[in-house]
Amino acid sequence: MKYWLVKSEPSSFSYDDLANAPERTTSWEGVRNYAARNFLRAMTRGDRVFYYHSNAEPNAIVGIAEVVREAYPDASQFDRKSGMHDPKSKRDSPTWSTVDLTAVTAFPRPVTLTELRGVPGLEKMELLRKGSRLSVMPVSAGEWRIVCKLAGVSAAISDAG
DNA sequence: GCCAACGTTGGC
DNA sequence: GCCAACGTTGGC
């Protein structure tokens with residue numbers, strides 16, 4: 001199992017929105033950055049994902065999601081009416097991919113960005129890198145464990161398949 | 001609202 | 001291929 005982190009502005013799609021979605025699941029459409037897309041494509045079923053609220057009050061990791069469907073073409077790239085339409089993308093070789101994510105558990109206690117800074121073991125966490133703008137990024141097993149502990153989530157829940 | 005850090009675009 | 005201009009992200 002691999003670990004990841006996705007960002008979302010709660011005003012756009014919050015963790016609660018995911019938890020309240022049909023089957024607690026949504027297609028993670030709209031990623032339009034090549035590095036982030038490549039991470040989406042590297043996800044496999046069962047991978048665990050931190051859900052981070054950006055441009056939020058407070059900015060924080062607020063819960064855990066799981067990859068329930070591996071990368072497939074993002075339909076919004078072909079939708080002219082969508083703000084995410086990409087006229088350069090070809091039907092027979094789509095540029096952008098999406099995965100399906102399902103809500104696993106909200107953190108008992110969200111872990112804020114401020115709090116994460118300075119936690120031993122998280123020095124190399126991509127989320128904390130100055131100027132980091134990736135909306136999908138890998139998380140190491142060590143980082144995963146540390147953040148779950150801060151959040152008050154047991155390993156049995158955070159890693160259960 | 002400001003601005004640093006990026007990624008992308010397009011002129012050359 | 002270079003790089004300046006531009007648009008976006010996202011913390012503060």
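All heavy atoms count here, side chains included; hydrogens, waters and symmetry mates do not. Owing to the predicted nature of the structure, the values given are computational and were not obtained by experimental measurement. Throughout, protein chains are lettered first and strands after them, A, B, ... in sequence-line order, and every chain is numbered starting at 1.
- A side-chain donor-acceptor contact under 3.5 Å links Thr44(A) and Lys2(A).
- Only Asn33(A), Tyr34(A), listed by number, bring a heavy atom of residues 32-43 of chain A to less than 4.0 angstrom from any atom of DNA chain B.
- Contact annotation: Lys7(A) reaches the phosphate of dG10(C) (side-chain N/O to OP1 or OP2, under 4.0 Å).
- Of the N and O atoms on the side chains of Ser82(A) and Ser76(A), not one donor lies less than 3.5 Å from an acceptor on the other residue.
- Trp28(A) contributes atom CH2, which lies 6.5 Å from atom CZ of Phe13(A) (distance to the nearest 0.5 angstrom).
- By the 4.5 Å heavy-atom criterion applied to side chains, Val31(A) and Ser135(A) are counted as neighbours.
- Centroid-to-centroid, the aromatic rings of Tyr34(A) and Trp96(A) come within less than 6.0 Å.
- Ser54(A) and Glu9(A) share no donor-acceptor pair across their side chains, judged by distance under 3.5 Å alone.
- Remark: Tyr72(A) engages no residue in a ring-ring contact (aromatic ring centres under 6.0 Å, His included) (not counting sequence neighbours).
- The stretch residues 75-92 of chain A touches DNA chain B through Lys88(A), each having a heavy atom within less than 4.0 Å of the strand.
- A salt bridge links Arg109(A) to Glu115(A): one of the charged nitrogens lies within less than 4.0 Å of a carboxylate oxygen.
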Item to check | CA sep, side-chain torsions, deciding dist, call: Lys124(A), Arg129(A), side-chain contact (heavy atoms from CB on, under 4.5 Å) | outcome: CA-CA 7 Å; Lys124(A) 294 187 177 167; Arg129(A) 224 192 78 236; over 6 Å; no
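- Here the side chains of Val68(A) and Arg45(A) are in contact, with some heavy-atom distance below 4.5 Å.
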Checklist entry - Which letter, B, S or -, goes with each nucleotide of nucleotides 1-8 of chain C from 5' to 3', with contact meaning a protein heavy atom under 4.0 Å? => result ------BB
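- Between atom CD of residue Glu29(A) and atom CG of residue Asp74(A) there is a gap of 4.5 Å, rounded to the nearest 0.5 Å.
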Checklist entry - Taking it one step at a time, do Ile61(A) and Thr112(A) satisfy side-chain contact (heavy atoms from CB on, under 4.5 Å)? => result CA-CA 6 Å; Ile61(A) 302 175; Thr112(A) 66; over 6 Å; no
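- Looking at Val6(A) and Leu101(A), their side chains come closer than 4.5 Å, going by heavy atoms from C-beta outward.
- Test Val62(A), Asn59(A), Leu116(A) against Tyr52(A) for side chain to side chain contact (heavy atoms under 4.5 Å, CB included) and you get one pass: Asn59(A).
- Side-chain contact annotation: Arg41(A) with Ser97(A), donor-acceptor N/O pair under 3.5 Å present.
- A heavy-atom distance below 4.0 Å to DNA chain C is reached by these residues of residues 111-129 of chain A, ordered by number: Leu113(A), Arg117(A).
- Heavy-atom distances under 4.0 Å link DNA chain C to Tyr52(A), Ser54(A), Asn55(A), Asn59(A) of residues 52-65 of chain A, given in residue order.
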